[in-house]
Amino acid sequence: MRKSLPTQGTDWNTLSEQLDSFSADDVDWRRSRSAVFVFHAGDDVLDVGKQAYAKYQSENGLGASSAFPSLARMESDVVDIGLELLNAPEGACGNMTSGGSESIFLALKTCRDQARALGRDTRNAQIVLPRSGHPAFDKAAGYLDLEVVRIPVADDWRADIDATRAAVNERTLMLVGSAPCFPYGLIDPIEELAELAAEKNVWLHVDACVGGYFSPFARRNGVELPVFDFSLEPVRSMSADLHKYGYAAKGASTIFHRTPEQHEFQFFTCDQWPVGTMRTPSAAGTRPGGAIAAAWAVLHYLGGDGYCRKASEVVETRRLIERAVSTLPSVFVIGKPQLGLIAIGSDKLDIYAVQEQLSTRGWFNPLLDEPEAIHLMLSPQHRLVVDDYVTDLKAAVQIVEQGGLRSSATARYN
Ligand SMILES: *Cc1c(COP(=O)(O)O)cnc(C)c1O
């Protein structure tokens with residue numbers, strides 16, 4: 001039965017109760033039961049984002065340069081902060097977008113349009129990225145009529161430089177590295193990709209969607225990370241999501257460019273209608289003022305020290321899980337993660353059956369299929385439940401091991 005708009009309205013109290021009841025079957029992220037989709041840095045952080053969002057809920061980023069200097073100012077502050085965190089040179093610039101997928105779309109569009117402006121035929125143009133790269137690149141390439149070439153990862157699960165070199169040809173427009181990649185949480189060898197990009201004179205995009213607002217703070221905390229940002233000259237653009245480890249309200253990411261000349265190709269301009277020229281930096285027309293204000297507020301609420309504390313909670317949680325895994329001979333951690341993502345695989349038991357055991361205990365995570373693994377993207381609040389998780393993980397592994405359990409088909413839910 002199709003729902004129709006009720007003729008008469010309902011009071012807010014009733015609706016509020018209904019909204020709460022709708023979420024009864026959702027994953028219990030407030031108690032940190034989900035290791036994906038939600039980044040929980042504490043109720044205070046949530047509250048700052050919520051209040052700031054509400055203040056600017058009706059304001060429209062489309063009018064940032066005319067009607068809402070408030071939004072222009074906040075977006076500019078957010079972009080400046082991101083550029084500084086990612087060691088961008090003087091003159092580098094960027095924008096806020098609705099999310100990582102839009103930031104990646106804009107990087108590809110900018111790259112393609114610059115190539116066209118330089119007289120290149122982009123009809124068969126290719127983007128070369130590791131197998132572990134995000135599908136947002138394929139989505140964008142589909143929109144932009146570009147071809148994606150995915151290169152299998154090396155033995156350490158990171159981008160394979162030799163195989164990437166072999167794949168580069170005259171059709172290649174862009175190389176992509178992730179910092180880190182979503183599946184394994186590993187930072188690709190960006191320095192080597194940068195050398196290759198310089199040698200072949202192609203664009204290098206670093207996808208720091210999930211790490212851009214995390215790695216700089218992990219590094220300040222003493223985690224020894226490889227160089228992955230604008231401090232490498234051949235890195236031309238980067239994507240970094242505020243609504244992940246920036247802990248901002250959803251609908252907030254950033255796209256950064258090394259130079260304003262390059263940034264220019266990101267813009268859309270049209271004067272073929274009766275309202276003069278419309279010029280927008282991103283895919284959207286109307287942009288939510290709330291998302292800009294919430295990101296600005298959360299960045300200033302936490303400050304560098306706050307982000308460092310959150311990063312250390314996340315890294316400590318990951319280490320506790322790694323330590324537990326190291327005591328279980330039948331499972332292992334994939335690669336050497338250094339940030340907040342970790343994947344647990346096994347060549348001795350059915351790891352999906354372990355996840356089924358964990359899910360009966362209320363834990364929700366995605367699964368990988370290359371290799372089969374449990375995937376965790378950790379939030380600061382997971383520090384509060386990690387002991388319970390580890391206990392349940394050990395119990396789940398034991399049950400699967402002793403019972404020789406196999407996962408049911410429904411375990412493969414993603
Ligand atoms: C999340 C993510 C994206 C896509 O971001 P959305 O905000 O979901 O559109 C792209 N790349 C990586 C590495 C990610 O983790």
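Numbering of ligands and ligand atoms starts at 1, following listing order.
Ligand 1 places these atoms under 4.0 Å from at least one heavy atom of Asp207: 10 (C), 11 (N), 12 (C), 13 (C). Contact atoms of ligand 1 toward Val210: 15 (O) (distance under 4.0 Å to a heavy atom of the residue). Proximity to Phe182 (heavy-atom distance under 4.0 Å) selects the following atoms of ligand 1: 15 (O).
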Quiz prompt | Full working for side-chain hydrogen bond (donor to acceptor under 3.5 Å, both in side chains) between Ser253 and His243 | solution = CA-CA 6 Å; Ser253 171; His243 61 201; 5.9 Å; no
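In terms of protein heavy atoms, atom 1 (C) of ligand 1 is closest to Lys244 NZ, 1.3 Å.
The shortest N or O to N or O distance between Gly100 and ligand 1 is under 3.5 Å.
Classification of the Phe39-Tyr245 ring pair by plane angle, with boundaries at 30° and 60°, yields perpendicular. Ring planes of Tyr184 and Trp157: tilted class, angle from 30 to 60°. Using bins of under 30°, 30° to 60° and over 60° for the plane-to-plane angle, the ring pair His375/Phe182 lands in the tilted bin.
Within the cation-pi definition used here (under 6.0 Å to the ring centroid, within 45° of the axis), Arg279 qualifies as a partner of Phe267.
Contact annotation: for His243 versus ligand 1, heavy atoms closer than 4.0 Å belong to the side chain alone. Of the heavy atoms in Ser101, both backbone and side-chain atoms come closer than 4.0 Å to ligand 1.
Side chain of His263 to main chain of Thr259: no donor-acceptor pair is present (N/O by atom type, distance under 3.5 Å, no hydrogens or angles).
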